[in-house]
Amino acid sequence: MHRQTNIFDKIGSLLPGYQGYNEREGRRQCDKVLRERVAIVLSDCQRVVEARLADSVKARDFAQLNALEDCRKSLDTLAFKVAHAPYGVSAFFSDTQIREGELAEIYRMDLDILEKATALAPAAETIALSVGIAGVARALETRNQYIMEMK
């Protein structure tokens, strides 16, 4: 789908460097949409855990209840961290610019986080869920550290 060129795009085509800025803005939006998707997947998983928590309360399974509550808290914290993770682009006037190869690596890491988060949903056992949550958290931390090293 191609949108009609507006006045700002016409003016921007006359300014040196604007095209690169516009492309970076598109990447920023793509990064945001991907992280929102990961947050939705984590929230969906959290709702499943909350339903299992309710079942554990009804069954008076207090051992399972504590483990599920720990998972719920971890998912909530992880969703917050994903939503507020640093963007994979540098500012237009920044002294340090993220190169294409580095950006591709960030996108690869983002895809890995999404795949790991998606794999959490079918985890039936609390131990498997805890391990999966820890894996997503490590992948997110690796991604964030990679970005922070470039700034």
Side-chain angles (χ1 to χ4, degrees), residues 1 3 8-9 12 17-151:
M1 178 195 239
R3 68 178 177 90
F8 296 111
D9 290 334
Y18 176 78
Q19 185 65 32
Y21 173 75
N22 196 25
E23 288 173 8
R24 282 192 296 275
E25 195 58 37
R27 291 180 191 138
R28 183 184 313 255
Q29 185 63 28
C30 179
D31 186 35
K32 179 182 176 192
V33 168
L34 180 62
R35 287 186 303 124
E36 286 173 351
R37 177 69 186 135
V38 173
I40 288 169
V41 167
L42 292 173
S43 293
D44 290 346
C45 189
Q46 189 174 351
R47 279 190 286 281
V48 170
V49 169
E50 288 168 352
R52 289 175 57 198
L53 268 166
D55 292 342
S56 293
V57 167
K58 288 177 188 174
R60 295 183 183 263
D61 184 358
F62 297 113
Q64 184 72 358
L65 187 69
N66 290 334
L68 285 169
E69 180 59 18
D70 289 344
C71 288
R72 190 202 60 76
K73 288 178 190 175
S74 296
L75 283 167
D76 188 50
T77 301
L78 188 56
F80 180 83
K81 286 181 178 179
V82 166
H84 296 90
Y87 286 106
V89 294
S90 52
F92 182 55
F93 293 109
S94 174
D95 290 338
T96 59
Q97 296 291 319
I98 296 176
R99 295 182 293 264
E100 287 297 318
E102 294 166 334
L103 188 59
E105 180 64 14
I106 292 168
Y107 286 159
R108 187 201 60 73
M109 290 178 189
D110 286 344
L111 180 59
D112 183 48
I113 291 168
L114 178 60
E115 289 171 347
K116 286 179 185 210
T118 303
L120 291 177
E125 294 183 26
T126 309
I127 294 171
L129 185 57
S130 295
V131 170
I133 292 168
V136 175
R138 276 191 306 277
L140 179 65
E141 183 59 34
T142 299
R143 174 206 183 270
N144 293 348
Q145 187 63 36
Y146 183 79
I147 291 172
M148 297 312 282
E149 288 173 359
M150 287 184 263
K151 293 186 176 187

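Residue indices begin at 1 and follow the sequence shown. Computed over heavy atoms, backbone and side chain alike; hydrogens, waters and symmetry mates excluded.
In this structure, CD1 in I40 is found 14.0 Å from SG in C45, a value given to the nearest 0.5 Å. Here the OG-CG distance, from S130 to L75, works out to 9.0 Å after rounding to the nearest 0.5 Å. Between the CG atom in L78 and the SG atom in C71 there is a gap of 11.5 Å [rounded to 0.5 Å]. To the nearest 0.5 angstrom, S43 atom OG is 11.5 Å from E36 atom CD.
The list of ring-ring contact (aromatic ring centres under 6.0 Å, His included) pairs with a residue in residues 39-71, not counting sequence neighbours, is empty. Under the side-chain hydrogen bond (donor to acceptor under 3.5 Å, both in side chains) criterion, the residue pairs touching residues 68-83 are E69-R72, with sequence neighbours excluded.
Here R138 does not pair with E141 in a salt bridge; the nearest charged N to carboxylate O distance is not below 4.0 Å.
Partner of D110 under the side-chain hydrogen bond (donor to acceptor under 3.5 Å, both in side chains) criterion, chosen from R37, R143, R35: R143.
When all heavy atoms are compared, the tightest approach of Y146 to M109 is CG-CE, 3.7 Å. Of all heavy-atom pairs spanning L42 and L120, the tightest one is CD2-CD1, 3.7 Å.
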>> As a quick check of understanding, evaluate salt bridge (Lys or Arg N to Asp or Glu O under 4.0 Å) for E105 and R108, giving each step before the final call.
In response: CA-CA 5 Å; E105 180 64 14; R108 187 201 60 73; 2.7 Å; yes
>> Checking L65 against D61 for the side chain to side chain contact (heavy atoms under 4.5 Å, CB included) test, could you report, in this order, the C-alpha distance in whole Å, the side-chain angles of both residues, the deciding distance, and whether it holds?
In response: CA-CA 6 Å; L65 187 69; D61 184 358; over 6 Å; no
Can you give me every donor-acceptor pair (side chain of residues 111-118, partner residue at least two apart or in another chain, under 3.5 Å) with its distance?
residue, atom, partner, partner atom, Å
T118, OG1, L114, O, 2.8

